[in-house]
Amino acid sequence: MPFDIQTVVSIASYGGAGICMGLGAVGAALGVGYTGGLANKALSQKPEASGTIVKNMLIGQAIAESAAIFALVIAVLLIYLSPPATNLLTASALGAAGLCMGFGAIGSGVGSGFPAGEVCLAIVRQPAISGRLTTNMLIGSAVCQTPAIFAMVVALMLMFLNVNNLSVNPTWAALLGAGLSTGLAAIGSGLGGGLAGGASVSGIARQPETFGKVTTIMLVGQAVSQTPAIFGLLVSFILMFKAFPETTSIAAPMALLGAGISMGFGGIGPGIGNGFTAQSAVKWVARNVEASGILTRVMLVGQAVSQSTAIYAMVVSLVLIFVV
Amino acid sequence: METTNQRAEVDRFQRRICFWAMTCALVLAFIFLFFHEKSLAKGIVLGTCFSIINFFLMGKSIYMILGRSRAKANAMGLMSILSRYFFLAIPLIIGMKYASFNFVAVVIGIFAVQIVILVDHIVVRPAMSER
Amino acid sequence: MAIEGAELVKAAAFIGAGLAMGLGAIGPGVGEGFVGGKACEAIGKKPEEAGLLTRTMLVAQAVSESTGIYSLVVALLLLFVV
């Protein structure tokens with residue numbers, strides 16, 4: 001059965017759209033479900049505050065859902081874009097865009113569910129400062145969306161990259177690797193940012209007067225948790241924009257694919273780990289505000305050490321790209 | 001239990017967010033029309049309309065599900081999710097198919113409710129409470 | 001395009017290096033972060049023991065780092081020796 005190029009491109013774009021929306025819905029569903037579960041718990045403890053709790057649940061769910069809406073936008077683009085294909089690179093780029101956005105939306109969706117759920121319980125504890133709690137939850141959830149936005153940027157670049165003059169053989173793997181690198185690395189960063197945000201909301205409910213310090217350390221912790229996603233973005237950019245010479249061997253494309261896989265999977269663990277560290281640090285700054293200086297320092301040291309594996313992964317992928 | 005009061009609070013909040021989202025979209029649309037960017041204006045209003053419908057259905061579906069049996073609640077929750085994503089896909093497909101709607105403007109319009117919520121709670125509310 | 005045996009071995013070694021480092025980084029990353037979190041918790045409870053706790057945290061993280069270093073070594077072996 002003969003395949004022409006247009007058929008293969010259609011297969012890749014429809015398959016990519018399916019993967020993108022399917023995986024993208026997983027994260028948002030988990031996050032929104034977690035929010036709804038904690039909102040139910042809060043409602044059973046304090047039915048008379050149901051208006052405020054449902055209001056905050058809706059706000060949190062609207063933000064957590066935006067990761068899935070990013071995936072929806074990319075999926076619709078993949079289905080209806082149908083670019084004029086001259087070589088098989090277009091197929092690889094469209095498939096990679098779908099993978100990138102699909103994986104990238106998982107972490108952000110789950111992560112922004114944590115602060116949104118905690119805020120429902122926090123309102124039961126401190127109904128008087130519900131406005132402040134909502135503000136803090138929104139800051140935390142919005143920062144959680146950053147990895148999904150990175151993934152969307154890479155997906156859009158992959159879709160609109162001009163691939164006409166590039167060499168087919170190693171570049172197909174480079175584009176696929178670029179998608180996997182950012183998409184997978186974004187999972188860990190999204191989850192990690194969410195853990196820090198959730199701890200911050202429940203910490204402020206415990207000690208409302210620590211609002212400023214807790215928000216600051218939450219933002220620092222979330223920013224460090226984003227680093228693996230930024231490493232992933234860096235490797236993706238190198239893979240997308242470096243010109244690779246044409247070759248007939250199978251080793252060169254596998255090296256580029258391996259670079260993407262290494263950075264992608266390597267970013268998951270450090271992202272989640274940084275999130276754990278930030279979660280505990282935020283929690284204990286809220287309980288023991290005099291120790292906030294030493295806690296911030298220890299948190300940064302701990303996060304830097306757990307970052308090291310992401311740096312090893314980046315070194316291996318750079319070696320795979322440039323040396324081999 | 002004064003559920004009607006509590007429900008009115010949620011409704012009021014939803015109406016306020018939807019009102020501001022629509023107002024901002026219309027103001028932006030008029031600015032674009034002033035510069036003869038008709039497709040941008042149409043796109044942003046289309047996206048915002050569907051964003052508001054999505055947010056409105058999200059709030060309504062909670063009260064429709066409350067008090068039903070478990071099987072019924074599961075079915076209705078699934079229906080609400082499916083219908084909302086279906087609704088959100090409509091403006092995107094329109095934006096792709098017809099050149100008179102700018103696709104980027106539609107995408108920005110789809111996030112209107114989220115943007116208004118963020119601006120409302122992070123910028124406007126703290127500034128108001130400080131005064 | 002005929003694929004020779006040596007080519008195939010090299011291709012497998014490259015993708016194996018990527019997988020080794022990528023999957024090998026998940027465990028140490030989560031584990032070290034967990035240790036860091038527990039250390040922060042302990043310092044929050046007893047800020048006067050911060051020096052001792054920080055040292056202990058670093059030792060524990062170094063131990064859990066070792067699996068990450070093993071996967072780095074395996075990845076580099078696959079890249080340059082095989």
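Letters A, B, ... are given to chains in the order of the sequence lines, protein chains preceding strands, and every chain is numbered from 1. Both backbone and side-chain heavy atoms feed into the values below; hydrogens, waters and symmetry mates do not.
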*Is any side-chain heavy atom of E49(C) less than 4.5 Å from a side-chain heavy atom of I43(C)?*
no
*Contacts of residues 50-57 of chain C with chain A (heavy atom under 4.5 Å)*: A50(C), T54(C), M57(C)
*Nearest heavy-atom pair of G68(C) and M21(C): which atoms, and what distance?*
O-CE, 4.2 Å
_Atom group of L79(C) that falls short of 4.5 Å from chain A, counting heavy atoms_ = side chain
*asked:* Counting heavy-atom pairs closer than 4.5 Å to chain C, which one of N288(A), I272(A), V298(A), V305(A) comes out on top?
replied: V305(A)
*Results of ring pair (Phe, Tyr, Trp, His ring centres under 6.0 Å) for F34(C) - residues two or more places apart only*: F276(A)
_Under the criterion side chain to side chain contact (heavy atoms under 4.5 Å, CB included), I'd like the reasoning laid out for T215(A) against I204(A): C-alpha separation, chi angles, the key distance, then a yes or no._
CA-CA 9 Å; T215(A) 309; I204(A) 289 172; 4.2 Å; yes
*Contact summary for E118(A) and S202(A), nearest pair of heavy atoms*: OE1-CB, 3.8 Å
_Which of G177(A), S306(A), G258(A), G266(A) touches chain C most, by non-hydrogen pairs under 4.5 Å_ = S306(A)
*With a 4.5 Å cut-off on heavy-atom pairs, point out which of G271(A), G302(A), S317(A) contacts chain C the most.*
G302(A)
*Listed partners of E41(C) passing salt bridge (charged side-chain N to carboxylate O under 4.0 Å, His left out), at least two apart*: K38(C)
*Looking just at side-chain N and O atoms, do E65(C) and S308(A) make a donor-acceptor pair shorter than 3.5 Å?*
yes
*Could you check V285(A), I294(A), T296(A), L295(A) and say which one makes a side chain to side chain contact (heavy atoms under 4.5 Å, CB included) with C40(C)?*
L295(A)
*asked:* Is A255(A) close to chain C through its backbone or its side chain, or both, or neither, when contacts mean heavy atoms under 4.5 Å?
replied: both
_Neighbour count >12 (heavy atoms, 6.0 Å) for atom CZ, F80(C)_ = yes
*asked:* If you count heavy-atom pairs within less than 4.5 Å of chain C, which of V301(A), V315(A), I261(A) leads?
replied: I261(A)
*Any salt bridge (Lys or Arg N to Asp or Glu O under 4.0 Å) pairs touching residues 268-292 of chain A, not counting sequence neighbours?*
none
_Options A291(A), G264(A), A313(A), ranked by heavy-atom pairs under 4.5 Å with chain C, top entry_ = A313(A)
_Contact winner vs chain C - L184(A), N274(A), L320(A), heavy-atom pairs under 4.5 Å_ = L320(A)
